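One structure is given here, and the rest of the page talks about it.
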Amino acid sequence: MKIAVVGTGYVGLVTGTCFAETGNIVHCVDVDEKKIALLKKGKSPIYEPGLEVLLHRNLREKRIVFTTDLKLAVDKSDIIFLALPTPPGEDGSADLKYILEVAQKLATIITKYKIIVNKSTVPVGTADKVTAILAEKLPRELFDVVSNPEFLREGIAVDDFLKPDRVVIGTTSERAKTIMHELYQPFVRQGNPIYFMDERSAEMTKYVANSYLAMRISFMNEVANLCERTGANVDLVRIGIGSDSRIGKRFLFPGIGYGGSCFPKDVKALHYTAKANKYNFKLLDTVMQVNAQQKKILFQKIKKYYKNDLKGKQFAIWGLSFKPETDDIREAPSLELIQDLLDAEAKVSVYDPVAMGNVKKVFGSKVKYQKNQYEGLKNADALVIVTEWSEFRNPDYERMVKYLKSKVIFDGRNVYSLEKMEELGFYYNSIGRRTIHGKQ
Ligand SMILES: NC(=O)C1=CN([C@@H]2O[C@H](COP(=O)(O)OP(=O)(O)OC[C@H]3O[C@@H](n4cnc5c(N)ncnc54)[C@H](O)[C@@H]3O)[C@@H](O)[C@H]2O)C=CC1
Ligand SMILES: O=C(O)[C@H]1O[C@H](OP(=O)(O)OP(=O)(O)OC[C@H]2O[C@@H](n3ccc(=O)[nH]c3=O)[C@H](O)[C@@H]2O)[C@H](O)[C@@H](O)[C@@H]1O
């Protein structure tokens with residue numbers, strides 16, 4: 001099949017590459033010339049495990065083409081995916097300007113039947129808005145607008161796209177349904193379902209999935225805070241409840257709040273949709289409040305330990321991205337923590353396997369960037385673990401003990417067992433578990 005993907009960010013690039021991988025001819029379009037130049041050379045502008053291998057293969061086989069020319073891509077394709085940003089506006093609503101601008105352009109380019117697919121996360125009613133824009137200039141039989149939300153996670157995006165738990169397709173057009181069904185067949189061969197529904201329900205499904213997951217995290221963060229106050233261990237509670245198949249084991253990890261480009265913005269956007277429809281969605285308010293509070297939890301623990309005097313104290317931070325296996329720092333808890341530490345006149349040195357370049361763009365020379373995880377520990381008053389990268393899980397404890405000025409760890413991700421920390425004599429303060437006071 002012939003496909004265009006407009007927008008080559010996290011979603012567009014993975015979508016385009018995976019469609020090419022199943023034999024389709026894909027034209028990927030972006031307005032960012034630098035990105036397109038890199039991609040033409042087979043270099044991914046984002047860190048996403050496994051992506052570059054597929055990119056190289058499909059470039060070599062000429063199944064994927066990168067261009068800044070929207071008309072060329074549309075002329076060569078039958079299905080046009082929109083994988084454009086939908087950032088939050090001032091009021092929390094999803095800003096649709098990128099989608100609607102491209103829809104205006106498509107209305108002047110399309111000359112034969114095309115399916116326009118909203119891959120971006122867009123509020124209920126967006127398919128109707130795009131349809132209305134196209135219908136101003138085009139006869140109705142020349143296009144269908146489909147909602148096909150994406151559920152991939154960064155860091156495991158290729159796998160998620162190639163083997164989705166389900167594919168959701170919102171369309172009431174039989175013609176579009178048949179084509180979309182054929183396109184997605186290679187991805188659901190293991191028996192995972194394609195759910196066809198109307199456009200509005202598909203649009204709503206995406207926001208509800210993200211908001212529900214965000215709610216689970218906020219719920220577990222509150223449980224963790226209560227566990228700390230009652231002497232229970234949240235990790236044991238998590239295992240205890242997760243084995244109930246009605247609850248499930250996944251996405252119950254407490255931490256320092258959800259970040260990333262999607263949960264924060266999508267919860268806000270659903271909240272806005274509720275408000276716009278005169279519905280007071282109380283749970284969503286709480287999900288956001290709890291998350292904002294949880295993002296401060298490590299800083300509060302640190303402040304308490306040092307009795308509010310952080311001036312001149314030196315902290316080594318491990319992990320900056322909003323989660324492991326990505327260089328994405330959008331809404332990452334690390335950013336807020338670093339800013340709070342700097343405001344308190346502490347010294348901060350950081351290490352992350354892939355996200356340091358992005359953090360440098362935010363903090364410049366205000367913090368020290370270390371070439372490995374141990375360097376920053378030299379003379380540091382404490383280690384602070386913010387992102388649970390695998391390489392932090394089984395570290396060289398001897399070096400840690402040797403380098404750190406004091407054996408103090410604040411762990412926002414429960415990376416170490418309490419027994420190990422006790423054995424090594426660390427002061428160890430984690431989330432939802434008792435504090436180990438250690439031997440200094
Ligand atoms: N990042 C993620 O893991 C997921 C994101 N989504 C949704 O997918 C959408 C896209 O998200 P990301 O890929 O993360 O965004 P992104 O910001 O990484 O990529 C968007 C791309 O669109 C390009 N662009 C902007 N205007 C353009 C135009 N007029 N023509 C062509 N290209 C243009 C930008 O240059 C950029 O490369 C959002 O609605 C997001 O909520 C959905 C599922 C997962
Ligand atoms: O719409 C999107 O963009 C995507 O948003 C999330 O994916 P992503 O943001 O890549 O990352 P997640 O793995 O969901 O993690 C989000 C945040 O929640 C936190 N988290 C996750 C799981 C958990 O148990 N506890 C927890 O605190 C992570 O640390 C991270 O900050 C969803 O999981 C995807 O299904 C969705 O497609």
Side-chain angles (χ1 to χ4, degrees), residues 4-16 28-36 38-39 45-46 48 66-70 73 80-88 94-106 118-123 126 148-157 160-161 164-166 203 206-207 209-214 216-221 224 238 242 248-267 269 291 294-295 319 321-326 328-334 386-388 412-414 431:
V5 180
V6 189
T8 59
Y10 285 88
V11 169
L13 185 55
V14 172
T15 302
C28 289
V29 194
D30 207 289
V31 283
D32 186 334
E33 289 175 6
K34 277 194 201 139
K35 233 180 216 185
I36 292 297
L38 266 183
L39 286 164
I46 52 165
E48 189 56 54
F66 292 98
T67 177
T68 51
D69 187 342
L70 179 66
I80 324 289
F81 279 83
L82 306 185
L84 294 158
T86 49
D95 187 348
L96 287 178
K97 74 170 181 237
Y98 298 96
I99 303 275
L100 302 182
E101 264 169 37
V102 171
Q104 301 274 8
K105 285 187 188 148
L106 291 178
N118 276 334
K119 194 64 161 158
S120 300
T121 301
V122 289
T126 304
N148 169 219
E150 180 50 55
F151 300 96
L152 65 78
R153 289 160 295 170
E154 289 177 22
I156 186 175
D160 276 350
F161 196 94
D165 283 351
R166 78 319 205 168
E203 290 164 340
K206 172 66 197 178
Y207 281 102
N210 274 3
S211 299
Y212 180 79
L213 292 169
R216 255 171 99 96
I217 297 168
S218 277
F219 181 80
M220 284 311 290
N221 283 335
R238 174 175 57 76
K249 294 183 173 59
R250 298 168 70 190
F251 252 81
L252 289 176
F253 291 86
I256 42 175
Y258 58 78
S261 66
C262 291
F263 282 0
K265 101 173 151 58
D266 293 348
V267 175
N291 199 55
Q294 199 69 13
K295 277 181 143 184
S321 52
F322 80 97
K323 65 171 197 176
E325 297 300 333
T326 179
D328 198 340
I329 57 160
R330 291 180 280 186
E331 305 255 358
S334 64
V386 175
T387 315
E388 67 279 30
R413 304 290 185 173
N414 291 1
I431 306 291

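One-based numbering, in listed order, for ligands and for the atoms of each. Given the structure is predicted, the values throughout are model-derived calculations rather than measurements.
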Could you give the distance from [atom1] ([X]) to [atom2] ([Y]), rounded to the nearest 0.5 Å?
X      : Y      : atom1 : atom2 : answer
Asp32  : Thr68  : CG    : OG1   : 10.0 Å
Phe253 : Met220 : CZ    : CE    : 9.0 Å
Ile329 : Glu331 : CD1   : CD    : 11.0 Å
Tyr212 : Phe251 : OH    : CZ    : 11.5 Å
Ile431 : Gln294 : CD1   : CD    : 6.0 Å
Ser218 : Asn291 : OG    : CG    : 5.0 Å

Starting from [atom], find the nearest protein heavy-atom neighbour and note its residue, name and distance.
atom                    : value
atom 33 (C) of ligand 1 : Leu84 CD2, 3.3 Å
atom 14 (O) of ligand 2 : Phe251 CZ, 3.1 Å
atom 7 (O) of ligand 2  : Arg153 CG, 3.7 Å
atom 35 (O) of ligand 2 : Phe151 O, 2.7 Å
atom 32 (C) of ligand 2 : Phe263 CE1, 3.6 Å
atom 13 (O) of ligand 2 : Lys323 NZ, 3.0 Å
atom 24 (O) of ligand 2 : Phe253 N, 2.9 Å
atom 28 (C) of ligand 1 : Val31 CG1, 3.5 Å
atom 19 (C) of ligand 2 : Ile217 CD1, 3.9 Å
atom 4 (C) of ligand 2  : Leu152 O, 3.5 Å
atom 26 (N) of ligand 1 : Tyr98 CD2, 3.5 Å

Could you tell me whether a side-chain N or O of [X] sits under 3.5 Å from a main-chain N or O of [Y], the two making a donor and an acceptor?
X      : Y      : value
Glu48  : Ile156 : yes
Asn221 : Gly255 : yes
Lys265 : Gly260 : no

Would you check if [X] and [Y] make a side-chain contact, meaning some heavy-atom pair closer than 4.5 Å?
X      : Y      : answer
Leu39  : Pro45  : yes
Tyr98  : Pro87  : yes
Asn210 : Val267 : no
Asn118 : Asn148 : no
Val102 : Leu84  : yes

Polar contacts were defined as any N/O atom of the residue lying under 3.5 Å from an N/O atom of the ligand; does this apply to [X] and ligand 2?
X      : answer
Gly255 : no
Lys206 : yes
Cys262 : no
Phe322 : yes

Report yes if some N/O of [X] lies less than 3.5 Å from some N/O of ligand 1; otherwise report no.
X      : result
Thr121 : yes
Val102 : no
Tyr10  : yes
Thr86  : yes
Lys119 : no
Asp30  : yes
Lys35  : yes
Arg153 : no

Counting from 1, what ligand 2 atoms have a heavy atom of [X] closer than 4.0 Å?
X      : result
Glu154 : 10 (O)
Leu252 : 24 (O)
Asn210 : 1 (O), 2 (C), 5 (O), 32 (C), 36 (C)
Glu150 : 37 (O)

Considering all heavy atoms of both residues, which atom of [X] and which atom of [Y] are nearest to each other, and what is their separation?
X      : Y      : value
Ala83  : Val5   : CB-CG1, 4.3 Å
Thr67  : Ala73  : CG2-CB, 4.3 Å
Ala269 : Tyr207 : CB-CE2, 3.5 Å
Lys295 : Gly257 : CG-CA, 4.3 Å

I need the contact type for Arg413 against ligand 2. Using non-hydrogen atoms and a strict under-4.0 Å cut-off, is it side chain, backbone, both or neither?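 Looking at Arg413 and ligand 2, just side chain atoms fall under 4.0 Å.
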Closest candidate by heavy atom, reference [atom], pool [options]:
atom                    : options                    : answer
atom 4 (C) of ligand 1  : Val5, Val11, Ile36, Leu39  : Val11
atom 19 (O) of ligand 1 : Cys28, Gly9, Ala94, Gly155 : Gly9
atom 3 (O) of ligand 1  : Lys97, Lys34, Glu154       : Glu154

Does [X] approach ligand 1 within less than 4.0 angstrom via side chain, backbone, both or neither, non-hydrogen atoms only?
X      : result
Ala157 : neither
Lys206 : side chain
Ser261 : side chain

I want to check a possible cation-pi pair here: Arg166 against Phe151, using under 6.0 Å from ring centre and within 45° of the ring axis as the test.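 Checked: cation-pi criterion met.
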Walk me through whether Leu96 and Thr126 qualify under side chain to side chain contact (heavy atoms under 4.5 Å, CB included). CA-CA 8 Å; Leu96 287 178; Thr126 304; 3.6 Å; yes
Does at least one non-hydrogen atom of [X] fall below 4.0 angstrom from an atom of ligand 1?
X      : answer
Arg330 : yes
Lys265 : yes
Glu150 : yes

Atoms in ligand 1 with a heavy atom of Val6 nearer than 4.0 Å: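 Here the atoms of ligand 1 in question are 30 (N), 31 (C).
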Taking Arg153 as the fixed residue, which of Asp328, Asp165, Asp160 is the one that meets the salt bridge (Lys or Arg N to Asp or Glu O under 4.0 Å) rule?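 Going through the options one by one, the only one that passes is Asp160.
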